[in-house]
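Residues take their numbers from the sequence shown, with the count starting at 1.
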Amino acid sequence: MADISEVLAAWQPYVEGIDDWQKLIEGLEPKTTGCGPVYELGNPLPDRAPEEFAIADMRDILLAEPHYHPNGETEIYIVLSGLGNVVVGGKENHVQKGSIVVTPTDTTHFTIPKENLVMGVINIPSFNPANYVPITESNPDLGFDIQRLTTMLEKAYKDRGLAVKHVSDEAGKVHEPDRDIKMHFLTLSGSVEVKIDDELPMKWRPFQELIVSSGQLHEAKVGKNGWEYIVAWDEEEAKQYNQ
């Protein structure tokens with residue numbers, strides 16, 4: 001394992017010296033990931049090869065999905081802006097600008113952003129997509145408890161002022177075409193195929209959030225293993241809709 005104190009001594013001055021992260025990523029196409037848009041900047045510190053640096057923009061997501069990195073890969077997060085809760089191996093880290101969180105190899109971690117969260121990410125060694133492994137079931141050896149995450153997600157919705165319901169649909173259930181208020185759906189397990197307006201149907205995997213806008217036509221069919229999910233909505237909007 002890398003000497004974390006040595007890595008931080010090299011990278012921390014660079015990361016904390018970033019005054020405008022949006023200017024830094026101008027012209028870069030983000031990668032769409034389970035952690036939101038990620039901008040890979042390679043290695044701005046050549047003497048630190050093969051380490052790499054990226055910026056993870058979590059401002060518009062509810063959850064950076066649970067995952068772990070095998071084969072000795074380690075990540076260090078340094079918060080550039082905002083607030084959030086980074087959970088590593090079951091330990092909660094309430095972060096703000098300047099906070100540092102280390103995610104060791106073979107340890108599940110996920111993030112619940114709270115407000116405008118953007119993080120600098122140092123990969124040790126350089127990021128390898130094969131070492132990004134999503135996790136969807138409780139695994140004590142990897143430090144992941146899905147029931148705890150479910151409770152945290154329900155709280156995150158409530159903190160946003162939304163009503164919350166935990167639902168389980170049986171395999172093959174069909175949700176007929178409908179228009180409704182703005183709804184948030186976050187899959188916990190199983191799968192669902194959703195069609196919105198005239199778009200092609202899409203399958204939604206665990207820990208992906210689907211937001212259906214007010215008045216948007218939508219329909220769905222539950223997969224063969226059923227669909228467990230959280231649905232959240234604004235009660236005041238619902239009252240007005242039902243008048």
Query raised in the report: Quick one: OG1 on Thr108 to CD1 on Ile135, what's the gap to the nearest 0.5 Å?
Result: 4.0 Å
Requested in this report: Report yes or no: does Ser138 contribute a side-chain atom to a donor-acceptor pair with the main-chain N or O of Ile146 at less than 3.5 Å?
Outcome: yes
Query raised in the report: If you look only at pairs with a residue in residues 203-227, which of them pass as a ring pair (Phe, Tyr, Trp, His ring centres under 6.0 Å), with sequence neighbours excluded?
Result: Trp227-Tyr229
Report summary line: CG (Leu210) and CG (Leu186) are apart, to the nearest 0.5 Å, by 9.5 Å
Report summary line: Residues Phe185 and Val231: closest non-hydrogen pair is CE2-CG2, 3.6 Å
Report task. Could you list the residues that satisfy side chain to side chain donor-acceptor pair (under 3.5 Å) with Glu40, not counting sequence neighbours? Result -> Lys31
Query raised in the report: Under 3.5 Å, is there a donor-acceptor pair between the Glu209 and Tyr157 side chains?
Result: yes
Query raised in the report: Going only through I, L, V, M, F, W and Y residues with side-chain contacts under 4.5 Å, is there a path from Val102 to Val86?
Result: no
**Report entry** ILVMFWY network linking Leu142 to Leu149, side-chain heavy atoms under 4.5 angstrom
**Finding:** yes
Query raised in the report: Heavy atoms, side chains only, cut-off 4.5 Å: are Ile211 and Lys182 in contact?
Result: yes
Return a table of donor-acceptor pairs under 3.5 angstrom between the side chains of residues 115-128 and protein atoms on other chains or two or more places apart.
unit_1, atom_1, unit_2, atom_2, d
Asn123, ND2, Glu75, OE2, 3.2
Asn128, OD1, Ala130, N, 3.0

Query raised in the report: Counting distance only, does the side-chain N/O of Asp57 pair as donor-acceptor with the main-chain N or O of Ile55 below 3.5 Å?
Result: no
Query - N/O donor-acceptor pair under 3.5 Å between Asp234 side chain and Glu236 backbone - result: yes
Query raised in the report: With the 4.5 Å side-chain cut-off for hydrophobic clustering, are Leu63 and Val194 part of the same group?
Result: no
Query - Point-to-point distance, once rounded to the nearest 0.5 Å, from NZ of Lys224 to NZ of Lys221 - result: 12.5 Å
Query raised in the report: Taking 4.0 angstrom as the limit, do Lys173 and Glu170 come out as a salt bridge?
Result: no
Query - Nearest-0.5 Å distance, CG of residue Leu8 to CD1 of residue Ile76 - result: 4.5 Å
Query raised in the report: Going from CG on Asp197 to CD on Glu219, what distance comes out if it is rounded to the nearest 0.5 angstrom?
Result: 10.0 Å
Requested in this report: Dump the intermediate steps for side-chain hydrogen bond (donor to acceptor under 3.5 Å, both in side chains) on Tyr132 and Glu65, then the final yes or no.
Outcome: CA-CA 11 Å; Tyr132 182 101; Glu65 70 178 355; 2.8 Å; yes
Requested in this report: Output yes when Glu16 and Lys97 qualify as a salt bridge under the 4.0 Å nitrogen-oxygen rule, no when they do not.
Outcome: no
Requested in this report: Kindly say whether Pro113 contributes a backbone atom to a donor-acceptor pair with the side chain of Thr111 at under 3.5 angstrom?
Outcome: no
Query raised in the report: Going only through I, L, V, M, F, W and Y residues with side-chain contacts under 4.5 Å, is there a path from Trp233 to Ile196?
Result: yes
Query raised in the report: Do Met183 and Val192 belong together in a cluster built from hydrophobic side chains that touch within less than 4.5 Å?
Result: yes
Query raised in the report: Does the side chain of Thr105 pick up a donor-acceptor pair with the side chain of Glu73 at under 3.5 Å?
Result: no
Report summary line: One should read off an interatomic distance between Ile230 CD1 and His184 NE2, to the nearest 0.5 angstrom, of 12.5 Å
Query raised in the report: In terms of side-chain geometry, is the basic nitrogen of Glu51 or Arg48 positioned less than 4.0 Å from the acidic oxygen of its partner?
Result: yes
Report task. Using a strict cut-off of less than 4.0 Å between a Lys/Arg side-chain nitrogen and an Asp/Glu carboxylate oxygen, indicate whether Glu92 and Arg148 qualify as a salt bridge. Result -> yes
